[in-house]
Every structure is written in structure tokens, then in C-alpha cells.
Visitor: 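Would you mind keeping the following structure in view while I ask a few things?
A note on names: the letters A, B, ... follow the listed sequences, proteins ahead of strands, and every chain is numbered from 1. The structure presented is a predicted model; accordingly, all values stated were derived computationally and were not measured.
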2 protein chains.
Amino acid sequence: MHILREPEPEAALAFLQSALAGLKEHRGRLVQVFANCTVDYQGRAASTLDQGERLIMLKPDGTLLVHTGEKSKPVNWMPPGENRFSVAEKDGRIELTALRRKPHEEVVRIFLHDVRLLLSVPMRDAQELVLRRTEGDLHALFYAHPELIEPGLVFHRGEKDTRRGPVDLWGTDKEGHRVLVEVKRSKGGISEATQLWRYVEMERNGRYAVEGDVMEGTANVAVATRSGKNGSGKTGANGQNGKTSPKVRGILACPGISDKAQKMLSDHGLEHVAIDWDDLLQHLDAPRAAGQATLGRFGGDGLKDGDKERTVRTGRRRKG
Amino acid sequence: MHILREPEPEAALAFLQSALAGLKEHRGRLVQVFANCTVDYQGRAASTLDQGERLIMLKPDGTLLVHTGEKSKPVNWMPPGENRFSVAEKDGRIELTALRRKPHEEVVRIFLHDVRLLLSVPMRDAQELVLRRTEGDLHALFYAHPELIEPGLVFHRGEKDTRRGPVDLWGTDKEGHRVLVEVKRSKGGISEATQLWRYVEMERNGRYAVEGDVMEGTANVAVATRSGKNGSGKTGANGQNGKTSPKVRGILACPGISDKAQKMLSDHGLEHVAIDWDDLLQHLDAPRAAGQATLGRFGGDGLKDGDKERTVRTGRRRKG
DNA sequence: GCGCAGAGGTGCAGA
DNA sequence: TCTGCACTTCTGCGC
Ligand SMILES: [Mg+2]
Ligand SMILES: [Mg+2]
């Protein structure tokens, strides 16, 4: 570990040159510069940042972060990749530059007016984050236990590709109707409702599936029926033009939904199935063994009937 | 500035207690801990992270960041807010905890097994980032110069609220037809095309505007015409059922578009107007005075005719 | 490399 | 506080 406090410009330059050269040594080091600096960025956008005290951080994978004393996001940065760090002296001040060519030509130039502290610290870390309560957890759970969405439902596919992107779950209900389910880990907004509609609209209209252009004057068949004045009433049949069959249903499975989202669903005869994470975690939670998510004991319970509001739980998942 | 290298647990504890107490002193300090640690998180989701060397960073605004030697995003974190940091010793090891109640109950617990370095550094910074080439720059530019989108176009509103969210620009073309424009700073994907469709579908169908439910059996009128086999042909009139009038056009103004997005637009008779940032910046770029974006000299040039591909440029904008 | 979609997204503005 | 939305989003995954 190397530390240099309040260095003169020459010493700072030497330190940084050495630190950059050794950035990837011995499983990698974290290099930090506390300095009064200005920052210029050019790339996907462009920015300037006048003089102030910030923390500059360099990682062995090419990551550059510039943090101020506020907020959780860096004020300037460069994502990891084939980035080239360089340091040079110009007119008596040190210029630290990060440059990349891919996937966009980008450059961050940092002018160090006054270096307060320099660090180079080895970072050994073999562990990976284990994250639970992800959308993937819900996918696995619902796929294994479609009855949690609705009795009689069967899923044939996860991540089924419509021609408008992949829908989370793809199945058939007990009436034999096609069912598309889009799952969200948190409250659904209008964009999530719209995403579901994008998939369902495609599946309801074979016309759109054609490679070429849609014929002029043809009427769009996507239509909604009443879906309950208060949003929790019986959804009833989703009105659909008789020409397209069988009926295609769309379900947004998530905890809660905004008013606009509910309206969007209603407009197109789509449905919402509510998820309760607390219930889910309370019932599951147990299995701590490594490997795949344990979707063990799972009866038909945890399923409140009557108003398309249900309950579930999750396993776990490794990040990355 | 305080530095403590390879401290004993007792010294580390004392340092951290003092550092946390003085976190907001004198315009704020940045507190860092380099340590071999494990991390537990509970909140919107839940995670565990086994032992490894990481950087822990605390900001005066409540921000907590835990960085590994890889990636630009922290492996664990807590966003700024009314967070409470605390440190304590348990079974001979130090536990650093961050807790918040709003907007969600969340806690990050960090167990420090071996502290390598402790820092508390003052951070004075009065400057704010100036960012250019934002979507907002395009909004202002197009609003002031609708001819860059299309000759004869007039905008009445920016950020006009449809009942499905706010569309960027709202105007009338020279035929007297309603035009909705959604602007994107980078290439448009299927979700951006879908977003535009969400707005246009609403404006084309007064039926959806009704507070109550949509009637069963009504046909959706949104329809596409041929929009060119190669996507660059004459868009022609967007076929629309005669019942809804006047015609409502939708334009996605962005640099480039994916195939699926183009198909989505074509399916619904929506259009794409291409943006060329290089052209824009080349022509503008000049004004460096502070304050509002200068949308000065702007003729009808920079507008390649013939295939709904045009050109523009931007001003600048302050972040926050 | 492109494109889609999730994220403990974060940050912001408007109601 | 909630909602919609941009973001130099980042990041993972599939094609
Ligand atoms: Mg999905
Ligand atoms: Mg917009």
C-alpha cells in the first residue's frame, strides 16, 4: 500500500506514473487521488466541471470515477473496458487522462491543481454478491408454480420471444387461451403496462407478424373490455375481434400498479396480478444451500382468490 | 485530513466514531475505510457478500458506497438521504451500519475483519457540472426551430401531458394535422418506439380518454401505412380510420433506430426523423456564456431534404 | 457488436 | 409523497 500526502507536483507525477503502471499488478490495486481539480469530458455527451475538491478513483479494469462530496453517483466517470490512463505535466500542472475507443470514442481529462493525497491500495476479492428478491427469482417461481398466478394455468416457455422482444412467461390458461405474463419486482408504472401491451398487441394481431408492411386501411383489432371501475372488479373477457383466435391474455404480475398503468391495462383488456413480497419471503426464505434456487414445498396456498390478487415467495440467485 | 494506517481494532473504532461524528463538519468530509469485510443488505431486496477487500466510502449527505476492485458501480450502497451511520464492536470485530427509514426501510451492515486504512478528508466543492448534448438541449432547439423536424411544422407546447404521460413536443403540421414528437438523445430502440405509440394511440382514440371503461367490441383504429420497405422510403400518409380526425402523427426524433423499433413505428404509421449530433455540434458549439442555452443563428439549413433525415445542433445546460 | 431488458437502478421535476 | 422519465445510465444475456 502506497500513500503520499500533500505531495509536490513532481512527486505527485512520479507517484501517478508508477501507480498507473502497477494498476493491474498482483490482482489489482485501487488508485486514488484527492485533489482540487477541473474535469472535462467528451464522448456520448460533453461536460465541464470547474475547480473543486474531489476524489478520483482508478480501478484495474479501466474504471474511472470522479466523486464529489455529494450524491451516490460520480460526477464524471468512465466505465470499465479497454481504457487507457495517462498522466502528464503541462504548464506546471498535472493532467490525468482516461481514453477509450470502444464502444464510443470518449475522453475524460482531469487537471490536478492541488494534490492533497495519493493512494495505491491492493484489492484482493474473490467473492461475488449474492442477491435475492430479483425479478429472476419470480420468473423461476412462477414458471415452476403457475397456479400462483392463476389456477389451471400452464407455462410452456420462459422468456418467449415475440417479434417485439421477449416476454417473461408464455402459457395457456384452463380455457385454452394464450397467456402472456410480464413480471416486475416492484410497483408497475405506465411503461411496464405499455411493455406488456407491446407484446400482447403483437400476439393478438397476426397482421403485425408479417415481414413486410402492414396494409393500409386495415383496422387494428386490439381492443379492451371493461376491466372494473375500481380496477379490482371482475376483469371479464378481454374483448377481441373474432378474427383473431384464440384469445390472447396479458398479465402484469407485480406488487401494485399506478393509476395510469391500470388505465393502460384496462384500455386493452390486460390484467394485473398483485405480488406480496412479504408473504413470499415469510413462507420461503429457508433454503441457504448453494447452487440453484430451491423452489421446494409449494402448495396452492398463498393464493387469495376472488380478485386477481395473489401471493408468492422466492429463492436466491447469484449476481453476474 | 486524518489518516490511520493498519490500525488495531480499538484505534479503528475510535477513529470511525470520531469520523462519523465529524462527517458534516466544515462543509463536509469524505470518510473512507479500506478493509477486509463482509456485507449484508436488507431493504428493497437483500444481499450478502462474503469476505474480501473493499473500499467503503461515506459522504456527508448520507451516501454509503462499497466498491470492489472491479466495475464502476458499487457492489453495495445506500443512496443519500436521512441515513444513520453507526459503528460498534461486536465479538472483537467492528460493525459499521447504515440505516434509513425513508423512502424504504433499508439497512447495510458491514463487518470489518481487518482494517487496512482509514481516511477522513475534507471536501470543498462549490462547482456544478455543466453538461451538453442532453435531450433537453434537443427539446429547446426543436421547440424554437420546428422546421428542423419538418417545414411548416409549428409547436404549441413542450412536455404536453397526454393522459398517458407527457410527450416531448406537441404541434401542428402544415396540413393542419396534430403532430406528437418524442425526442431521444441516442439511438432509439423498441421501448422508445413503444413510448411514442403509447402517446399517439391515446390521441388517436378519444375513446381511451374517457374516464370510465372502454366499451366492448369497439375497434381500435390505430393503423399503419406502408412506410418504405427499406425504412427510408416516402412515408406517405399514415392510414387512419376516418372516424378519428384530424389525423394524429407521431414522430420519433433520434439518431438512428433499431430494426424492431422501425417495425413498431411502421406497424402504427409512426415516423422517424434522424438526428446527427456531429452536424449539430459543428454548426453550433460556439456560445460559451453562462446561463440559458443560446439558440441563436438558426436558418432553415442543416436540413437535408428528401427522406425525413435531417440535422440540428444544441446549446448547453446546467445539471441539477 | 447490437439490441433488449432489469436494476436494491439514481436523480429530477411536476403534481 | 407518488409518478413519469432521462441517463455519458450500467450490466448481463442472447443472437
Ligand atoms: Mg420482461
Ligand atoms: Mg419524453
Visitor: Whole angstrom is fine here: how far is it from CG in Leu138(B) over to C1' in dT8(D)?
Guide: 14 Å
Visitor: State whether Ser186(A) places a side-chain N or O below 4.0 Å from either non-bridging phosphate oxygen (OP1 or OP2) of dG8(C).
Guide: no
Visitor: DNA chain C: Glu159(B) or Ala45(B), which has the more 5' nearest nucleotide?
Guide: Ala45(B)
Visitor: For Glu159(B), what residues pass the side chain to side chain contact (heavy atoms under 4.5 Å, CB included) criterion, not counting sequence neighbours?
Guide: His139(B), Pro166(B), Asp168(B)
Visitor: With a 4.0 Å limit, can you tell me whether Lys184(B) has a side-chain N or O closer than that to the phosphate oxygens OP1/OP2 of dA6(D)?
Guide: yes
Visitor: With C1' as the reference atom in both, quote the distance from dC5(D) to dT9(D) in angstrom, rounded to an integer.
Guide: 12 Å
Visitor: Closer than 4.0 Å, any side-chain N/O of Thr134(A) to the OP1 or OP2 of dG6(C)?
Guide: no
Visitor: Quick check on dC4(C): is either OP1 or OP2 less than 4.0 Å from any side-chain nitrogen or oxygen of Arg163(A)?
Guide: no
Visitor: Please report, rounded to the nearest Å, how far the C1' atom of dG3(C) is from the NZ atom of Lys263(B).
Guide: 17 Å
Visitor: Name every residue in residues 97-105 of chain B that has at least one heavy atom under 4.0 Å from any atom of DNA chain D, in order of residue number, or write none if there are no such residues.
Guide: Lys102(B)
Visitor: What nucleic acid atoms does Gly43(A) come within less than 4.0 Å of, heavy atoms only: base, sugar-phosphate, or nothing?
Guide: nothing
Visitor: Inspect the surroundings of CD in Glu105(B) and state if more than 12 heavy atoms from other residues, nucleotides or ligands are less than 6.0 Å away.
Guide: yes
Visitor: Among pairs that include at least one residue of residues 64-75 of chain A, which meet side chain to side chain donor-acceptor pair (under 3.5 Å), considering only residues two or more places apart or in two chains?
Guide: His67(A)-Lys59(B)
Visitor: Using the side-chain heavy atoms of Lys71(A), tell me which of these nucleotides is nearest: dC7(D), dG6(C), dC12(C).
Guide: dC12(C)
Visitor: Does OP1 or OP2 of dC4(C) have a side-chain N or O of Tyr199(A) closer than 4.0 Å?
Guide: no
Visitor: Would you please confirm or rule out a distance under 4.0 Å between OP1 or OP2 of dG9(C) and any side-chain N or O of Arg185(A)?
Guide: yes
Visitor: Look at the side-chain N and O atoms of Arg198(B) and state whether any lies under 4.0 Å from the OP1 or OP2 oxygen of dC5(D).
Guide: yes
Visitor: Just to verify, what does Pro103(A) make a side chain to side chain contact (heavy atoms under 4.5 Å, CB included) with, not counting sequence neighbours?
Guide: Arg100(A)
Visitor: Measure from the side-chain heavy atoms of Glu182(A) and tell me the nearest of dT8(D), dG6(C), dA6(D).
Guide: dG6(C)
Visitor: Could you work out which one of dT8(D), dG11(C), dG4(D) sits closest to the side chain of Lys260(A)?
Guide: dG4(D)
Visitor: Any side-chain N or O of Ser72(A) under 4.0 Å from OP1/OP2 of dG11(C)?
Guide: yes
Visitor: Roughly how many Å is it from CH2 in Trp277(B) to C1' in dC7(D), rounded to a whole number?
Guide: 13 Å
Visitor: So do the side chains of Arg164(A) and Ile190(B) get within less than 4.5 Å of each other, counting heavy atoms only?
Guide: yes
Visitor: Is Pro79(B) touching bases, backbone alone, or none of the nucleic acid, heavy atoms closer than 4.0 Å?
Guide: base
Visitor: So, is Arg164(B) close to the dC5(D) phosphate, meaning a side-chain N or O under 4.0 Å from OP1 or OP2?
Guide: no
Visitor: Under 6.0 Å from the CG atom of Asp161(A), do we count more than 12 heavy atoms belonging to anything else shown?
Guide: yes
Visitor: Expressed in whole Å, how much space separates the P atoms belonging to dG11(C) and dT11(D)?
Guide: 15 Å
Visitor: Starting at NZ of Lys73(A) and ending at C1' of dC7(D), how long is that distance when rounded to a whole Å?
Guide: 6 Å
Visitor: Any N or O donor-acceptor pair linking the side chain of Asp259(B) to the base of dG3(C) at under 3.5 Å?
Guide: no
Visitor: Applying a 4.0 Å non-hydrogen cut-off, can you work out what Glu70(B) is touching in the nucleic acid: base, sugar-phosphate, or nothing?
Guide: nothing
Visitor: State which residues pass side chain to side chain contact (heavy atoms under 4.5 Å, CB included) with Tyr143(B); sequence neighbours excluded, sorted by chain then number.
Guide: Phe155(B), Leu169(B)
Visitor: Taking atom P of dC4(C) as reference, at what distance in whole Å does atom NE2 of His139(A) sit?
Guide: 18 Å
Visitor: As a test of reading the structure: which of dA7(C), dG11(C), dC5(D) is closest to the side chain of Pro80(B), going by heavy atoms?
Guide: dG11(C)
Visitor: Specify the separation, in whole Å, of atom CD of Glu128(A) and atom C1' of dG12(D).
Guide: 12 Å
Visitor: What I want to check is whether the side chains of Ser47(B) and Asn76(B) have a donor and an acceptor closer together than 3.5 Å.
Guide: yes
Visitor: Please confirm whether the shortest side-chain N or O distance from Trp77(A) to OP1 or OP2 of dC10(D) is below 4.0 Å.
Guide: yes
Visitor: In chain order, what residues pass the side chain to side chain donor-acceptor pair (under 3.5 Å) check against Glu192(A), with sequence neighbours excluded?
Guide: none
Visitor: Asp61(B): which residues meet the salt bridge (charged side-chain N to carboxylate O under 4.0 Å, His left out) condition with it, sequence neighbours left out?
Guide: none
Visitor: I'd like the C1' distance from dA6(D) over to dC10(D), given in whole Å.
Guide: 14 Å
Visitor: Could you state the CG-P distance from Asp161(B) to dA15(C), rounded to the nearest angstrom?
Guide: 9 Å
Visitor: Can you find a pair of side-chain heavy atoms, one from Leu99(A) and one from Asn83(A), that are under 4.5 Å apart?
Guide: no
Visitor: Check side chain to side chain contact (heavy atoms under 4.5 Å, CB included) between Arg157(A) and all other residues, then give those that pass, not counting sequence neighbours.
Guide: Lys160(A), Trp170(A)
Visitor: Contact list please: residues 187-196 of chain B against DNA chain C, heavy atoms, distance less than 4.0 Å, in numerical order.
Guide: Lys187(B), Gly189(B), Ile190(B)
Visitor: Gln262(A) has an atom CD; how far is it from atom C1' of dC2(D), in whole Å?
Guide: 17 Å
